[in-house]
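Some notes on the structure that comes next.
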Amino acid sequence: MKIELTEQQYRYLLDLTYIGNWVINSTRENDRIKEYDQVESLIFSHCLQHDMSKLVELYRGELIPSRAYADGGIHEAIENYEDIVFYEILAEELALKDMDGEPLTRENYGELMDRIDAYLSEFDEHGTDHVSVDID
């Protein structure tokens, strides 16, 4: 297979590849899915041919994203995504808890969404400052 990209599109592909592999493998410790690491290595190997050699480095015989690449802002994008997902999941879980385990129906969907929106507004304004947990 051959894919033709502009230099800018290739640079975006690097970010997409890194983020995808981060999502799949970052929490797996020693149980990484090697096929994704191999694809990442393959995609990043083309940096050497496109005057982007500072974005890749050799580690244990494999080309990987360099420390300069990883420290260049990509993790801020990942963190922004994680923050949004955290608050959205927390808002949904709290809203569902407020509804005392009622099964979701067309009739109560609006109520659920209103509760989620209220929690999201609270989190936008105060983060988790007003959240408390009682541990029995």
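Using a distance-only test at 3.5 Å, with no hydrogens or angles considered, a donor-acceptor pair links the side chain of Ser45 to the main chain of Leu42. Within the 3.5 Å criterion, the main-chain N or O of Leu48 finds no donor-acceptor partner in the side chain of Ser53. Remark: the backbone N or O of Asp37 is not paired with any side-chain donor or acceptor of Ser41 at under 3.5 angstrom. Ser66 places no side-chain N or O within 3.5 Å of a backbone atom of Glu57 that could act as its donor or acceptor partner. Asn108 contributes a side-chain N or O that, together with a main-chain N or O of Thr105, makes up a donor-acceptor pair within less than 3.5 Å. Between the side chain of Asp15 and the main chain of Ile74, no donor-acceptor pair closer than 3.5 Å is present.
Here the side chains of Gln9 and Leu13 are not in contact, with every heavy-atom distance at 4.5 Å or above. Contact of the Tyr12 side chain with the Leu5 side chain is not registered, since no non-hydrogen atoms from C-beta on lie closer than 4.5 Å. Residues Phe44 and Val56 form a side-chain contact, since some pair of their non-hydrogen atoms from C-beta on lies under 4.5 Å apart.
Contact between Ala95 and Tyr119 at its shortest, heavy atoms only, is N-CE1, 3.7 Å. Looking at every heavy atom in both residues, Tyr69 comes nearest to Leu55 through CB-O, 3.7 Å.
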Which is it for Tyr87 and Asp124 under the side-chain contact (heavy atoms from CB on, under 4.5 Å) test, yes or no, and what are the steps along the way? CA-CA 9 Å; Tyr87 285 115; Asp124 282 344; over 6 Å; no
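Summarising the geometry, atom CD belonging to Glu7 is positioned 4.5 Å from atom CE belonging to Met52; distances are rounded to the nearest 0.5 Å. Going from atom CD of Glu76 over to atom CG of Asp71 covers 9.0 Å, rounded to the nearest 0.5 Å. Remark: Ile116 CD1 to Leu90 CG distance equals 11.0 Å, nearest 0.5 Å.
Between His46 and Tyr10, the angle of the ring planes goes over 60°, which puts this pair in the perpendicular group of the 30/60° scheme.
Checked against the 6.0 Å centroid threshold, Tyr18 and His75 count as a close aromatic pair.
The residues Glu111 and Arg115 are annotated as salt-bridged, a charged nitrogen and a carboxylate oxygen being separated by less than 4.0 angstrom.
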